[in-house]
K.L.:
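Have a look at this one before I ask anything.
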Amino acid sequence: MNPGDVNLQQLLEQAQLMQQQLVSAQQELNDAQIEGSAGGGLVTAIVNGSGELLELKIDPSVIDAGDAQDTAETIADLVIAAVRDAVRAAADLQQEKLGPLAQGLGGGGLGQLPGF
């Protein structure tokens, strides 16, 4: 075998291992529950590792029956902030779980093969 030849069996085994790792990481992300909050915990959003909103909690103390309009706007702002916080944390988790796999594709996997 010449030094430039590609060992297809080894390449196939590496690809299968990466696929198993990817499936495992994706399952971990789907099972993960990440919490984000706003207003000192008045609003809490829980998302999975893919960023899908699973649960939203609003503390009743945020509601002012005497000023419904202002309360609605405040709650909307807090919900947006809590969801953004949770989604940002989910993106961090995605990078942690999937980042090494993506680097493997470009920095040591297929990216080093001629023609890939």
Side-chain angles (χ1 to χ4, degrees):
M1 184 184 294
N2 294 328
D5 288 346
V6 175
N7 182 335
L8 292 179
Q9 181 62 33
Q10 183 180 10
L11 179 62
L12 180 58
E13 289 171 5
Q14 288 177 344
Q16 288 173 335
L17 178 60
M18 286 184 70
Q19 182 180 13
Q20 290 170 352
Q21 291 171 335
L22 179 61
V23 168
S24 175
Q26 288 173 329
Q27 186 61 49
E28 286 181 47
L29 288 172
N30 285 336
D31 293 343
Q33 290 194 1
I34 301 108
E35 185 175 297
S37 65
L42 291 174
V43 174
T44 303
I46 298 174
V47 300
N48 67 13
S50 300
E52 178 185 355
L53 184 62
L54 302 174
E55 190 174 338
L56 184 65
K57 299 176 189 174
I58 300 172
D59 188 307
S61 69
V62 113
I63 300 169
D64 179 2
D67 191 355
Q69 181 64 35
D70 189 46
T71 296
E73 290 172 10
T74 299
I75 291 173
D77 290 342
L78 290 172
V79 166
I80 289 169
V83 170
R84 284 182 179 160
D85 186 44
V87 169
R88 180 207 42 78
D92 291 346
L93 182 62
Q94 287 174 3
Q95 180 60 35
E96 177 186 323
K97 297 290 184 188
L98 299 176
L101 294 172
Q103 291 170 354
L105 289 174
L110 298 177
Q112 292 184 337
L113 294 177
F116 287 95

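Note that the structure is a prediction, hence the values are computed from the model and not measured.
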K.L.:
For Asn30, does its backbone N or O pair with a side-chain atom of Ser50 as donor and acceptor, under 3.5 Å?
P.N.:
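Looks like no, no N/O pair under 3.5 Å.
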
K.L.:
Around atom CD of Glu13, are there more than 12 heavy atoms from other residues, nucleotides or ligands closer than 6.0 Å?
P.N.:
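Above 12, so yes.
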
K.L.:
Rounded to the nearest 0.5 Å, what's the gap from CG on Leu12 to CG on Leu8? Could you check?
P.N.:
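Rounded to the nearest 0.5 Å, the CG-CG separation comes to 8.5 Å.
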
K.L.:
For the CD atom of Gln14 and the CD atom of Gln9, what is their distance to the nearest 0.5 Å?
P.N.:
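One finds 11.0 Å between CD of Gln14 and CD of Gln9.
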
K.L.:
If you compare all heavy atoms of Ala25 against all heavy atoms of Lys97, which two are closest, and at what distance to 0.1 Å?
P.N.:
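Heavy atoms of Ala25 and Lys97 come nearest at CB-O, 3.9 Å.
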
K.L.:
Look up atom CG in Asp67 and atom CD in Glu73, then write down how far apart they are to the nearest 0.5 Å.
P.N.:
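These two atoms lie 8.5 Å from each other.
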
K.L.:
I'd like a table of donor-acceptor pairs (distance under 3.5 Å, sequence neighbours excluded) in which one partner is a side-chain atom from residues 53-62, with atom names and distances.
P.N.:
from: Asp59; atom 1: OD1; to: Ser61; atom 2: N; distance (Å): 2.7
from: Asp59; atom 1: OD1; to: Ser61; atom 2: OG; distance (Å): 2.8

K.L.:
Does the side chain of Leu22 reach to within under 4.5 Å of the side chain of Gln19, using non-hydrogen atoms?
P.N.:
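The answer is no, as the side chains (C-beta and beyond) never meet within the 4.5 Å cut-off.
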
K.L.:
Can you tell me how far apart CG (Leu78) and OG1 (Thr74) are? Round to the nearest 0.5 Å.
P.N.:
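With rounding to 0.5 Å, CG (Leu78) is 6.5 Å from OG1 (Thr74).
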
K.L.:
Taking side chain as C-beta onward, heavy atoms only, is Thr71 less than 4.5 Å from Ile75?
P.N.:
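The answer is yes; the side chains approach within 4.5 Å.
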
K.L.:
When you compare the side chains of Gln20 and Gln16, does any donor N or O come within less than 3.5 Å of an acceptor on the partner?
P.N.:
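No pair is found: no donor N or O on one side chain lies under 3.5 Å from an acceptor on the other.
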
K.L.:
Could you report the tightest heavy-atom contact between Ile34 and Ala89, atom names first, then the distance?
P.N.:
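Ile34 and Ala89 have their closest heavy atoms at CG2-CB, 3.3 Å.
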
K.L.:
Tell me which pairs pass side-chain hydrogen bond (donor to acceptor under 3.5 Å, both in side chains) where either residue lies in residues 31-44, with sequence neighbours left out.
P.N.:
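Qualifying pairs: Gln27-Asp31.
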
K.L.:
Given the rule that I, L, V, M, F, W and Y join up when any side-chain heavy atoms are under 4.5 Å apart, are Val87 and Val43 in one cluster?
P.N.:
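In one cluster: yes.
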
K.L.:
Taking all non-hydrogen atoms of both residues into account, name the closest pair between Leu93 and Ala32 and its distance.
P.N.:
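Closest approach of Leu93 to Ala32, heavy atoms only: CD2-CB, 3.7 Å.
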
K.L.:
Measure across Ala82 and Ala38 and return the closest heavy-atom pair with its distance rounded to 0.1 Å.
P.N.:
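What the structure gives for the nearest pair is N-CB, 3.7 Å.
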
